[in-house]
Visitor: 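My questions all concern the structure below.
Counting convention: from 1, in listed order, for ligands and their atoms alike.
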Amino acid sequence: MAKTRTKATKRRSARKPVAAKGRRYVYSFGGGGADGRAEMKELLGGKGANLAEMARMRLPVPPGFTISTEVCTYYYANGRRYPAVLRAQVETALKKVEKALGKTFGDPENPLLVSVRSGARASMPGMMDTILNLGLNDRTVQGLIRHTGNERFAYDSYRRFVQMYGDVVLDLKPRTKTEEDPFEVALHEKKRARGVTLDTDLTADDLRELVQEFKALIKMRKGVLFPEDPHEQLWGAIGAVFGSWNNERAIIYRKLNDIPESWGTAVNVQSMVFGNMGGDSGTGVAFTRDPASGENVFYGEYLMNAQGEDVVAGIRTPLPIAQLGKENPKIHGQLMQVRRTLERHYRDVMDVEFTIQQGTLYMLQCRVGKRTAVAAAKIAVDMVHEKLIAPKTALLRVDPERLNELLRPVFDLSAKRDAGARMLAKGLNAGPGAASGKIAFHAEDAEEMAKRGDRVILVRNETSPEDIRGMAAAEGILTARGGMTSHAALVGRQMGKVCVVGCGALLINYERGEMRIDGRSEVLRQGDPISIDGFTGEVFSGEIPTRPSEIVQVLVDKTLEPSKAPVYKIYAQLMKWADQVRRLGIRANADLPEQCEHAVAFGAEGVGLTRTEHMFFGEGKIEPMREMILAETTEERRRALAKLLPLQRADFEGIFRVLAGRPVTIRLIDPPLHEFLPHDAEGQAQIAADMHVPVERVRNRVEQLHEFNPMLGFRGCRLGIIYPEITEMQARAIFEAASNVKREGIPVEPEVMIPLVGHVKELKLQADIVRRVAAEVLKETGAKFRYLVGTMIEVPRGALTADAIAAEADFFSFGTNDLTQTTLGVSRDDAGRFLTPYVDLEIYSRDPFESIDQDGVGALMRTAVERGRKAKPALKLGICGEHGGDPASVRFCDTVGLSYVSCSPFRVPIARLAAAQARLTR
Ligand code: ADP
Ligand code: MG
Ligand code: MG
């Protein structure tokens with residue numbers, strides 16, 4: 001057995017990365033210099049690269065070294081073994097640290113202690129595990145005591161180390177979702193027995209006992225002895241970090257954030273500094289600006305006499321950084337200096353971790369700070385004004401997909417005032433927006449409830465990386481403990497969730513699945529409605545109606561003055577810059593005058609798709625429509641169409657007026673006719689009665705129109721070819737409406753679009769009718785205006801014969817919804833069962849109905865563009881599928897040379913920014 005495995009490994013390692021003799025796997029940092037730098041994130045991971053950069057900047061970074069991501073790749077490709085040269089390189093790097101600090105690893109007299117920290121290329125908050133105080137054992141702890149004269153500190157560090165090592169390396173973890181961490185249970189028990197509440201109240205003796213108890217726990221539960229040999233500890237920890245690259249929560253996080261598995265993580269080994277050495281020591285985290293609002297204030301939290309994750313773990317609630325200014329002005333001043341230095345150097349908002357050891361400041365991490373979309377926009381605009389960055393850089397700093405967070409609803413202020421009595425508590429406003437939903441106390445429950453279609457608020461004492469799936473499924477996240485930089489806040493913000501943290505009044509009982517508010521009798525259970533305001537941190541019982549964002553209030557509702565809307569002003573500035581940069585035109589898909597108004601308000605330069613069939617469902621229109629469908633002769637059909645004509649004309653007039661000369665692409669009727677008839681007996685009887693026709697006639701017609709595959713059936717231009725009078729009526733309605741509006745002094749620019757064309761003759765038949773009617777109407781009314789007749793490219797044959805089709809068309813508009821269906825041979829309505837697994841399996845990297853399948857559908861688009869433009873260089877090209885609002889698809893459209901993209905009105909700002917970014921990153 002063992003033999004075959006060795007063989008297999010050998011065979012594999014022959015093909016996979018091999019350790020080249022002279023290859024460097026370890027990079028040192030600290031002592032005023034470093035082997036690495038910020039640009040080396042691929043190799044050193046984000047943490048390692050920035051530690052190196054800070055060391056180069058001569059910021060106070062404890063010395064250490066980084067084992068590169070190449071080792072991780074090697075490790076997984078070679079049956080979890082390391083390159084042979086690694087050991088020696090680690091030894092050398094360790095020697096360097098020992099020399100710099102005058103301490104020796106494992107030395108019982110003056111031991112060097114280290115942390116072992118993971119660090120992937122893209123930051124994965126809390127995804128990987130960190131081990132602190134490594135190098136302690138029953139002998140070295142005595143050395144630490146002698147050297148520091150602080151026995152309590154030494155045992156505090158020791159018990160933390162055994163706990164972290166037990167958890168991370170030896171895998172001693174809670175076994176069920178309700179079981180508490182066994183180490184924490186022992187710690188609580190100790191505090192209870194001693195009659196104290198804080199960890200810091202435990203004595204050196206208590207902590208020494210805990211170390212032994214923890215070790216016994218490990219022996220009992222895992223059947224192994226805690227390793228006393230520091231080198232064994234070190235390699236165990238390094239292996240655990242590499243191993244954690246493939247733990248479940250890391251895998252989920254990578255999926256959610258599109259981080260490829262192949263990247264791997266680096267391992268950072270860094271000499272320890274201690275925030276737990278007493279009242280003059282501490283640890284903290286900070287952002288150089290407020291990551292929730294974007295305010296230009298130093299923003300952070302700290303705890304004195306604490307170590308590592310104490311600040312973010314939510315065990316003690318940390319103090320705001322401003323307090324440090326009072327408590328220790330010298331350190332606070334140094335931090336402010338670091339803040340300035342970092343922002344000027346990186347020209348961005350940085351997120352830092354620091355430790356104070358007996359009055360001396362050390363920097364342990366920095367990275368570009370995650371922020372809400374609102375903060376991203378504000379910071380980008382502010383930094384341009386501060387001359388730190390150029391407008392082009394500012395545009396790249398905002399994720400278009402997240403721009404809709406600025407358009408997020410807020411609670412209706414009067415409804416919130418009315419709900420005042422239902423206010424339960426107040427926490428920290430960690431992620432903006434307003435959310436109402438049902439309480440879920442466990443991430444798994446949140447996931448399940450969301451799957452059932454419920455809106456969920458995940459309510460927990462604190463969140464941990466295990467919870468990310470539930471967090472993603474929830475509308476909002478509420479925690480009882482932890483600060484603005486806790487896991488819940490960090491991850492919630494990144495996911496764009498409404499988030500309230502550190503709401504200390506919540507008393508959650510997981511076992512019973514209920515929650516009380518401190519000092520109140522009311523009990524809330526899983527499933528009860530609750531509302532949270534991520535702008536203010538308020539928590540209410542029950543649902544509260546929401547209302548539109550500032551931007552929507554200014555632009556759409558026109559109920560707010562721009563001058564009183566700071567978020568709007570930032571948005572407007574960004575959009576202005578975006579419009580100066582982008583080449584692509586931006587249109588919207590809108591069927592009603594009101595939607596067109598919204599589209600224009602959001603910056604659409606025209607309408608790329610008006611679906612005429614939606615109009616038929618309006619007031620008083622469905623009856624003549626049905627009459628038309630039920631008609632048995634052309635005469636009857638014409639009579640019904642004559643009733644529809646004035647109704648359609650009025651609709652078009654409304655649209656032309658709102659668009660005021662901007663181009664409007666109107667698509668002729670597209671869906672199969674049976675969609676307009678009821679399929680149930682009751683509905684059919686009703687129609688028959690209304691129309692004074694026998695019910696059999698209705699039933700027969702429905703049966704006649706029945707299709708096995710309506711998507712590929714009697715629809716699109718096929719309708720107008722079989723019933724030309726429909727096309728004639730629609731064309732007349734369009735051109736009469738345009739003439740009427742033009743006569744009112746409003747310019748018009750109609751573009752008539754023939755759907756589902758696969759053969760040039762289909763287009764020709766229809767275009768001839770449209771052009772003939774246009775000429776008739778223009779002659780009748782004497783109006784003059786320019787109009788276009790074009791087609792949708794939405795079946796592969798259309799794309800492949802685009803040169804022929806272009807001869808008859810003034811424009812193409814890619815209908816990428818149908819084009820995706822017909823190219824992939826996948827029906828959008830039936831794809832649910834397999835498309836998600838397909839994406840999980842990375843058959844398609846994204847849902848092809850959300851983001852253009854560039855290799856397949858995209859190839860057809862390229863072909864159509866090339867052939868179409870060759871036949872007619874002036875051909876106008878657009879897209880009107882859902883994809884028009886997807887940033888990656890917008891980029892693709894820019895690359896293939898389309899003239900414009902068209903998307904739903906609320907995605908217009910996203911498309912504007914994405915189009916600008918497409919240019920900037922070409
Ligand atoms: P994460 O990636 O989860 O942020 P880190 O590797 O940054 O994990 O470690 C978590 C915390 O542990 C740090 O914020 C820091 O407070 C503490 N820490 C890590 N290394 C050291 C060290 N060498 N000395 C003191 N504290 C450390
Ligand atoms: Mg961590
Ligand atoms: Mg960190």
Visitor: If the cut-off is 4.0 Å to any non-hydrogen atom of T283, which atoms of ligand 1 fall inside it?
Guide: 16 (O)
Visitor: Taking side chain as C-beta onward, heavy atoms only, is E53 less than 4.5 Å from M40?
Guide: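 E53 vs M40: side chains apart.
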Visitor: Any ion pair linking D206 and R159 (charged N to carboxylate O, less than 4.0 Å)?
Guide: no
Visitor: Examine the proximity of ligand 1 to L364 and report which part, side chain or backbone, both or neither, has a heavy atom under 4.0 Å away.
Guide: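 Near ligand 1, L364 shows its side chain, while the N, CA, C and O stay back.
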Visitor: Please check whether E353 reaches ligand 1 - meaning an N/O of the residue sits under 3.5 Å from an N/O of the ligand, judged on distance alone.
Guide: yes
Visitor: For the atoms OE1 of Q365 and OE2 of E353, give the angle they form at the Mg ion (ligand 3), rounded to 10 degrees.
Guide: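 Vertex the Mg ion (ligand 3), arms to OE1 of Q365 and OE2 of E353: 100°.
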Visitor: Taking both backbone and side-chain atoms of T355, is any N or O found less than 3.5 Å from an N or O belonging to ligand 1?
Guide: no
Visitor: Which option wins on minimum heavy-atom distance to atom 21 (C) of ligand 1: S118, G45, S115?
Guide: S115
Visitor: Are D138 and K215 close enough for a salt bridge, meaning some N to O gap below 4.0 Å?
Guide: yes
Visitor: Quick check: W245 with Y75 (ring centres under 6.0 Å apart)?
Guide: no
Visitor: Quick one: does any side-chain atom of N137 pair with a main-chain N or O of E228 as donor and acceptor, under 3.5 Å?
Guide: yes
Visitor: Any donor and acceptor pair, going by atom type alone, linking the side chain of R152 with main-chain N or O of L202 inside 3.5 Å?
Guide: yes
Visitor: Taking atom types as modelled and ignoring hydrogens, do the side chains of R160 and Q163 form a donor-acceptor contact shorter than 3.5 angstrom?
Guide: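 No donor-acceptor contact under 3.5 Å links the two side chains.
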Visitor: Is Q307 near ligand 1, meaning one of its heavy atoms is under 4.0 Å from it?
Guide: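 Heavy atoms of Q307 never come under 4.0 Å of ligand 1.
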Visitor: State whether the shortest distance between N or O atoms of L132 and N or O atoms of ligand 1 falls below 3.5 angstrom.
Guide: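 By distance alone, the answer is no.
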Visitor: From the options P63, S271, P62, select the one whose nearest heavy atom is closest to atom 23 (N) of ligand 1.
Guide: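 Answer by nearest heavy atom: S271.
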Visitor: Please work out whether any backbone atom (N, CA, C, O) or any side-chain heavy atom from C-beta onward of Q365 is under 4.0 Å from ligand 1, and answer side chain, backbone, both or neither.
Guide: side chain
